[in-house]
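Here's the structure, in structure tokens; my notes come after.
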Amino acid sequence: LVENAVKHGVRTRDGRGTVALTARRDGDALVLRVEDSGAGFGTARIEDLYGRGTGLRNVAERLRAGLGARASLAVDPDAAGGAVVVRLPFDSAG
């Protein structure tokens with residue numbers, strides 16, 4: 001996801017831009033956010049982006065295969081640039 005943020009976000013701005021990574025706990029899940037200062041996704045959903053490359057599709061499929069339906073990958077349409085949010089569930093004992 002960071003590679004995508006650099007390749008499709010920062011690089012499109014002549015190499016001048018930022019990539020921000022954040023992680024937070026939300027109940028029984030770890031929520032990761034990768035955001036860049038590029039053009040963004042607009043109102044596209046992850047499924048809408050599948051035809052544009054394999055990176056996001058691969059991550060989404062691996063999440064579903066490894067962690068099931070409680071894991072998710074989504075774009076944030078309200079972000080100023082491109083932003084992808086990953087939700088990784090864990091058990092409550094962890």
Side-chain angles (χ1 to χ4, degrees):
L1 296 175
V2 172
E3 178 184 8
N4 275 359
V6 171
K7 182 177 179 181
H8 301 291
V10 174
R11 191 174 79 180
T12 63
R13 299 177 57 86
D14 295 327
R16 295 180 181 97
T18 59
V19 175
L21 308 172
T22 58
R24 65 180 172 84
R25 184 176 181 161
D26 182 19
D28 66 347
L30 174 65
V31 178
L32 304 172
R33 180 181 178 94
V34 179
E35 187 167 2
D36 65 62
S37 59
F41 297 109
T43 59
R45 298 171 306 151
I46 289 295
E47 295 80 10
D48 298 334
L49 301 172
Y50 281 179
R52 299 186 194 174
T54 59
L56 292 175
R57 179 180 60 235
N58 285 344
V59 173
E61 289 173 359
R62 287 178 182 170
L63 282 171
R64 278 193 301 270
L67 299 173
R70 292 178 46 219
S72 65
L73 175 68
V75 296
D76 180 351
D78 298 324
V84 177
V85 179
V86 179
R87 186 172 182 85
L88 304 169
F90 53 84
D91 66 47
S92 58

L30 side chain reached by V86 side chain, heavy atoms, under 4.5 Å: no
Report yes if some heavy atom in the side chain of V85 is under 4.5 Å from a heavy atom in the side chain of V31; otherwise report no. yes
Working to the nearest 0.5 Å, report the span between CZ of R87 and CG of D28. 6.5 Å
Measuring from D76:CG to E35:CD, what's the distance to the nearest 0.5 Å?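 Between D76 CG and E35 CD, I get 7.0 Å after rounding to 0.5 Å.
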What is the minimum heavy-atom distance between [X] and [Y], and which atoms define it?
| X | Y | result |
| --- | --- | --- |
| G17 | S37 | CA-OG, 3.2 Å |
| P89 | L67 | CD-CD1, 4.2 Å |
| A5 | V34 | CB-CG1, 4.0 Å |

Got more than 12 heavy atoms from elsewhere within 6.0 Å of CZ, R70? yes
Backbone N/O of R64 and side chain of R62: donor-acceptor pair under 3.5 Å: no
Between L32, V84, L88, which is the residue that forms a side-chain contact (heavy atoms from CB on, under 4.5 Å) with L73?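 The passing option is V84.
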Applying side-chain contact (heavy atoms from CB on, under 4.5 Å), run through D36 and V2 and close with a yes or a no. CA-CA 9 Å; D36 65 62; V2 172; over 6 Å; no
